[in-house]
There are 2 protein chains.
Amino acid sequence: MTAPTELHHPPISDVAITDVLFALSDPARLALARQLVDGPMDMAACSATGGPVPKATKSHQLKVLREAGVVRNVPKGRGRLLSLRRDELDAVFPGLLDSVLGTR
Amino acid sequence: MTAPTELHHPPISDVAITDVLFALSDPARLALARQLVDGPMDMAACSATGGPVPKATKSHQLKVLREAGVVRNVPKGRGRLLSLRRDELDAVFPGLLDSVLGTR
DNA sequence: CCAATGGTTCAACTATTGTCGAACCATGAC
DNA sequence: GTCATGGTTCGACAATAGTTGAACCATTGG
């Protein structure tokens, strides 16, 4: 098995719109995604709810977003850098992120 | 209790975007919603998967869509008429239905 | 009225998701 | 190397969601 420092990201062509919708259908996950609209962010810097969330929980929430093709999660220093897969998603599901992440 | 012939539809202001996303995050429910984009449809006429679905299952799937504010379900003759709550949803979540229901 | 059609609801069950402690892994600082 | 920091993974459990038969309800047609 490969070093788990590089996590798996599905090719965007393997991502179904239902996967994306499901990933964003949870308030905590949606909140995480919205923190990335203005650009990449250190994982340590973004918070799911504002309150304290166990790191296992946060890691799991981001895993769902990652496996749904919504976010990218790459090593950076001793932490990780998160980013939206904006361009790719816009190409396949035009307007989706705009409407979902833009609406309050 | 009131006659269950009139089902409950949440005011659109009570509908969270996460409710809508969740309702549409299931392939069968998404397929149902997509059959309504061109206008209202008799419930008996729309099929969830193409294959045979027990009526209890179909009723349940539509209940999720209804309670998420996505579809309206009113009595019509001895059956029911389904429709998207297009205008209301467009007002609150602009572009959402366009991008979700429009994309293949 | 009665029967057929179309649908909802209930209840019981299965299956999927979510949560989080504990153990483990990688990197950077020293 | 060692320690601290930041994160993933595993495993067990809790909670939520999905499926479906059976019972029931409403409407239309005869």
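The basis for the numbers below is simple: all heavy atoms, side chains too, and nothing from hydrogens, waters or symmetry mates. Remember, it's a predicted structure, so these values are computed and weren't measured experimentally. Here is how names work: the chains are called A, B, and so on, in the same order as the sequence lines, proteins then strands, and each is numbered from 1.
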Checklist entry - Contact class for A:Ala44 (heavy atom, under 4.0 Å): base, sugar-phosphate, or nothing? => result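 Sugar-phosphate contact only - A:Ala44 comes under 4.0 Å of backbone atoms but never of a base.
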Checklist entry - For B:Asp42, which contact category applies under a 4.0 Å heavy-atom criterion: base, sugar-phosphate, or nothing? => result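 Counting heavy atoms under 4.0 Å across all strands, no contact is made by B:Asp42.
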Can a side chain N or O of [X] be found less than 4.0 Å away from OP1 or OP2 on [N]?
X: A:Thr57; N: C:dC20; result: yes
X: A:Arg80; N: D:dT8; result: yes
X: B:Asn73; N: C:dG7; result: no
X: A:Gln61; N: C:dT17; result: no

Item to check | More than 12 heavy atoms of other groups within 6.0 Å of A:Asp14 CG | outcome: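 Result for CG/A:Asp14: enclosed.
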Measure [atom1]/[X] against [atom2]/[N] and give the value in whole Å, please.
X: B:Leu7; N: D:dC25; atom1: CG; atom2: P; answer: 16 Å
X: A:Leu82; N: D:dG7; atom1: CG; atom2: C1'; answer: 11 Å
X: A:Phe22; N: C:dA15; atom1: CZ; atom2: P; answer: 17 Å
X: A:Glu67; N: D:dT8; atom1: CD; atom2: C1'; answer: 12 Å
X: A:Leu81; N: D:dG7; atom1: CG; atom2: P; answer: 11 Å
X: B:Leu62; N: D:dG18; atom1: CG; atom2: P; answer: 13 Å
X: A:Glu6; N: D:dT8; atom1: CD; atom2: P; answer: 12 Å
X: B:Lys63; N: D:dT19; atom1: NZ; atom2: P; answer: 14 Å

Between [options], which nucleotide gets closest to the side-chain atoms of [X]?
X: A:His60; options: C:dG18, C:dA26, D:dG18; answer: C:dG18
X: B:Ser59; options: D:dT8, C:dT8, C:dT27; answer: C:dT8
X: B:Lys55; options: C:dG6, D:dA17, C:dA26; answer: C:dG6

Checklist entry - Is it the case that B:Arg80 and B:Asn73 place a side-chain donor and acceptor less than 3.5 Å from each other? => result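 Their side chains do contain a donor-acceptor pair, which is all the 3.5 Å distance test asks for.
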Item to check | A:Gly77 vs A:Asp26, nearer the 5' end of DNA chain C by closest nucleotide | outcome: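 By nearest-heavy-atom nucleotide position, the 5'-most residue is A:Asp26.
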Checklist entry - 5'-most contact on DNA chain D: B:Val53 or A:Met43, nearest heavy atom basis? => result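 Residue closer to the 5' terminus by nearest nucleotide: A:Met43.
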Checklist entry - Starting at the 5' end of DNA chain D, which residue's closest nucleotide do you reach first, A:Arg78 or A:Ala56? => result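 In this pair, the answer is A:Arg78.
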Checklist entry - Side chain of B:Lys58, backbone of B:Pro52: donor and acceptor closer than 3.5 Å? => result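 Judged by distance alone, no pair lies under 3.5 Å.
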Item to check | Residues clustered with B:Val64, ILVMFWY side-chain links under 4.5 angstrom | outcome: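 Grouped by the 4.5 Å side-chain rule, B:Val64 forms a cluster of one, so the answer is none.
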Next on the checklist: One thing to verify: whether B:Arg86 and B:Asp98 come together as a salt bridge, which I'm taking to mean a side-chain N less than 4.0 angstrom from a carboxylate O.
Outcome noted: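 Yes, B:Asp98 and B:Arg86 are salt-bridged.
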